[in-house]
Amino acid sequence: GHPLLVTIIAALLIVVVNPFDVALVYLALLGGVIAIGLMTNVWGGLAASAISVFAIVLIDQAVGIYPRENALLNIATELAAFLAVGPLAGSLATAINRVQQEADRWLARVEELSVHDDVFGTLKPDWAQLRLDEEIVRARRFERPLAIALLHLTPNATAPIDQRAERVAALQAVIRVARAVTRPPLIVTHAGGDQ
């Protein structure tokens, strides 16, 4: 997009306008401006650009490099490119952050709407309640027996992490056994917490 194009133009201007040793310093300065812009926002990029332009003017005066007249590739256009790079990098960072926040929001929404628990592969409690209600209605309608088995394992919140991992593994094993010894329709869920 535009930030990349302006960066390439600025780098070309630096190489064309300045002696080699000065160009290396300015390319490093350009990289710093882009990095600051990407780590902050438009205003951070603008501040970095302004400081870099001030530094370039001082270095140019110390080295004895002055703007050339009537040339398209001159120090003035180099300074203008430096001024543009920082805010563009900052706006790119802002856009990237906005996209990331939107992606995080959608991923959270997908997680909220997902039916199964990630750890146990069972229905989440709200979905399990809906399915249980459906099965109760179906059992009544067709006068069919319905069995509900509840297993409560008291969690030990102060247990070491390896014991908690063993508890999760035990619950996963219980869930596999429950699925293996029952026939559909079957609802297996892990409520978690106090439920």
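- Applying the side chain to side chain donor-acceptor pair (under 3.5 Å) rule to D104 yields the partners Q100; only residues at least two apart in sequence or on another chain are considered.
- Grouping Ile, Leu, Val, Met, Phe, Trp and Tyr residues whose side-chain heavy atoms lie under 4.5 Å apart, directly or via other members, places F54 in a hydrophobic cluster with L58.
- When the side chains of ILVMFWY residues are joined at heavy-atom separations under 4.5 Å, either directly or via intervening members, V57 and L27 end up in a single hydrophobic cluster.
- Side-chain heavy atoms closer than 4.5 Å link hydrophobic residues (I, L, V, M, F, W, Y) into clusters, and following such links, even through other members, never connects I36 to V25.
- Just one of L92, V33, N41, V42 meets the side-chain contact (heavy atoms from CB on, under 4.5 Å) condition when paired with P87; it is V42.
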Before giving the answer on side-chain hydrogen bond (donor to acceptor under 3.5 Å, both in side chains), spell out for D133 and Q129 the whole-Å C-alpha distance, their side-chain angles and the decisive distance to 0.1 Å. CA-CA 6 Å; D133 292 343; Q129 184 63 50; 3.0 Å; yes
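- E134 is linked by a side chain to side chain donor-acceptor pair (under 3.5 Å) to R131, counting only residues two or more places apart in sequence or in another chain.
- Separating the CD1 atom in I51 from the CD1 atom in I56 is a distance of 12.0 Å, to the nearest 0.5 Å.
- Under the 4.5 Å side-chain heavy-atom criterion for Ile, Leu, Val, Met, Phe, Trp and Tyr, V85 and L24 are members of distinct hydrophobic clusters.
- By the side chain to side chain donor-acceptor pair (under 3.5 Å) test, R105 is found to be paired with E102, residues two or more places apart in sequence or in another chain being considered.
- Residues forming a side chain to side chain donor-acceptor pair (under 3.5 Å) with D21 (at least two apart in sequence, or on another chain): none.
- One distance of note links CZ of R176 with CG of L171; it measures 10.5 Å at 0.5 Å rounding.
- Between A93 and G37, the shortest heavy-atom distance links the atoms CB-O, 3.6 Å.
- Note: the hydrophobic cluster containing L130 also contains I136 (ILVMFWY, side chain heavy atoms under 4.5 Å, direct or indirect links).
- Summarising the geometry of A89 relative to I34, their closest heavy-atom pair is CB-O, 3.8 Å, with the distance given to 0.1 Å.
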Which donor-acceptor pairs under 3.5 Å do the side chains of residues 141-149 make with protein atoms, sequence neighbours left out?
unit_1: R144; atom_1: NH2; unit_2: E135; atom_2: OE1; d: 3.3

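- From T94, atom OG1 reaches atom CG of L38 across 10.0 Å, with rounding to the nearest 0.5 Å.
- The line from CG of L88 to CG of L83 is 11.0 Å long, rounded to the nearest 0.5 Å.
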